[in-house]
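Notes for the one structure printed next.
Just the heavy atoms: all of them, side chains too, but no hydrogens, waters or symmetry mates, feed the values below. Ligands are counted one by one from 1 in listed order, and the atoms in each one are counted from 1 as well.
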Amino acid sequence: MPGNADLAGPVVDWFARHARDLPWRRPGFPAWGTLVSEFMLQQTPVVRVIPRLDEWLTRWPTPDALAAEPAGEAVRAWQSLGYPRRALNLHACAVAITERHDGAVPNDVDALLALPGVGDYTARAVAVFAFGARHPVVDTNIRRVIARAVDGLPEAPAPNAKRDLPAMDALLPEDDDDAARFNAGMMELGAIVCTARSPKCDLCPLADRCAWRAAGYPATDVPRRAPQKKYEGSDRQARGAILKALRATPHPLAAAQLAAAVSDPAQYSRAIAGLLADGLIVTPADDTFALP
Ligand code: SF4
């Protein structure tokens, strides 16, 4: 079996030929755009992110442009991307970048980590993809490729930064640019070739050195993760319906108007309480609600 370092060359070459043309990969794409895209991509597929990202960067091309508007405008522009607390965090991030960094996205992982809503993955992804720093970045796709190609497992075990980051670090090429391309290439490979349910090994640049393939694709004894809860009828859907109604108007809405958006009164009450607690809505007067 070839050594770990042998993964980088084939992946970097493959990425140069097969990478999808995505906005954040184009030359001159701003670091602010990378940060916004990473927030959006956290829980939303690429195809839904691209049009929203384009709108955001047209309206708010810099952090200070977003920081100058109320947080509610970020929630409004988030539209149906889901998990809208990310919009509030992004707005808080824009304010912090404007106040602490003169409006320039910092390039250092620790400074990025100190921004609101920026976790370890996002900080590393921005440092690597926007600034070309040499750090391991590990997302779900990369964990799966490492599990299969290096460890001979059918699926990645649960995330564990203490295991995942050193594992990726051990594979990184020395050169900063190659390391960034390798990070992006591994992510792309997991997204479009080494997919969770139907890996396309005949298209894979690692086919001749993949430990799982070499072992004959042994099955997993790790139980599959429970499927996600249904969105239909969930409290999440109720929260989404309330936010949708508030996004559609520049004015506050009375509780009676909003209640029509959710058929179950108990669910409506839970949704309102949750949105208030999260800061996604405010109550400017009794029984009246608005975006912040
Ligand atoms: S050979 Fe198949 S299982 Fe192995 S890394 Fe490539 S796509 Fe994944």
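Residues that satisfy the side-chain contact (heavy atoms from CB on, under 4.5 Å) test with Ala238, not counting sequence neighbours, are Val262, Gln267, Ala271.
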*asked:* Test side chain to side chain contact (heavy atoms under 4.5 Å, CB included) on Arg20 and Glu188; report intermediate values, then the result.
replied: CA-CA 8 Å; Arg20 288 169 295 175; Glu188 186 77 339; 2.8 Å; yes

*Evaluate side chain to side chain contact (heavy atoms under 4.5 Å, CB included) for Trp32 paired with Leu66, printing each intermediate quantity in order.*
CA-CA 11 Å; Trp32 167 239; Leu66 176 57; 3.8 Å; yes

_Between Ile272 and Leu258, does the side chain to side chain contact (heavy atoms under 4.5 Å, CB included) criterion hold? Intermediate values first, please._
CA-CA 10 Å; Ile272 288 286; Leu258 273 181; 4.3 Å; yes

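Enclosure of atom CZ in Arg85 is not indicated, since only 12 or fewer non-hydrogen atoms of other residues, nucleotides or ligands lie within 6.0 angstrom.
Between Glu69 and Trp60, the side chains place a donor N or O and an acceptor N or O closer than 3.5 Å (distance only, hydrogens not considered).
Atom 4 (Fe) of ligand 1 has Cys210 SG as protein N, O or S atoms under 2.8 Å away.
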